[in-house]
Amino acid sequence: METNEIPLNETDGLRIIQQMISQAKQQYSDDSFMYLLWGWLVFTASMGQYILDAAGVENAWIVWMLMPVGGIISAIYGRNKRKAQKVKTYIDEFNRYVLTAFMVSLLMVLFFMQHLQLNCYPMLMMVYGIWLYISGGSLRFKPLMIGGIANWILAVAAFYVDFEMQLLLLAIAVMVGYIIPGYMLRNRYKKQQS
């Protein structure tokens, strides 16, 4: 059986390894964008609704209309990232499956929101925890894993409090699960660049 492979010399081999390392470093930066985007969107919406509810504003839930904007930004960003990606790693493939499972679970919780009633936000935090824990493990980045555990703990607490307190717990959950680890991930990338 013939192969059309051309043997690599040392220079080509080192160049390929350097490209793969550079791409892995870039992935850390790219991942921070999504954690920060969704962290700040959910934080803003939950705190916004809390403040508007406290002020007696009718239809305070309207702040959650930020989420479709985030979906559009995520879709464009994801499409551009896939186009620019030259090499797919096992972790990329694994994370794609985990992201799909996360999105299906998230959409199920949101679809049954009316049925879940006061259990909706605790269920969201539980789903967030799963995503954060697994993605943190695949990236070998403990702050995301700790954020996932924090989301699970806050989800349990949220089952025992009223709706307004759930909004605050959700804001805390995304702060410790998405925003703080997102900035840490970005800083880690910057340190690797220098």
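Heavy-atom basis, side chains included; hydrogens, waters and symmetry copies ignored.
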Is there side-chain contact between W40 and M175, with heavy atoms separated by less than 4.5 Å?
-> yes

Inter- and intrachain pairs under side-chain hydrogen bond (donor to acceptor under 3.5 Å, both in side chains), touching residues 147-166, at least two apart | none

Using a cut-off of 6.0 Å, state whether more than 12 heavy atoms not belonging to F163 lie near its atom CZ.
-> yes

What residue among L168, V174, L170, L167 forms side-chain contact (heavy atoms from CB on, under 4.5 Å) with M47?
-> L168

What pairs meet the side-chain hydrogen bond (donor to acceptor under 3.5 Å, both in side chains) rule with one or both residues in residues 124-135, with sequence neighbours excluded?
-> Y35-S135

Check against side-chain contact (heavy atoms from CB on, under 4.5 Å), S138 and V98 = CA-CA 10 Å; S138 72; V98 173; over 6 Å; no

Any W64 side-chain heavy atom under 4.5 Å of S46 side chain | yes

Do the side chains of M67 and L41 get nearer than 4.5 Å, heavy atoms only?
-> yes

Could you pull out the closest heavy-atom pair between R188 and R140, with the gap in Å?
-> NH1-O, 3.6 Å

Flag side-chain contact, heavy atom, 4.5 Å: L36 against R186 | yes

Do Y97 and N95 have side chains that get closer than 4.5 Å, going by heavy atoms?
-> no

Any side-chain heavy atom of V127 sitting closer than 4.5 Å to one from F102?
-> yes

Indicate whether any N or O donor in one side chain lies under 3.5 Å from an N or O acceptor in the other, for W38 and S74.
-> yes

Residue of the set D53, L52, I51 for which side-chain contact (heavy atoms from CB on, under 4.5 Å) holds with Q49 = D53

State, yes or no, whether a side-chain contact exists between T44 and L66 at a heavy-atom distance under 4.5 Å.
-> yes

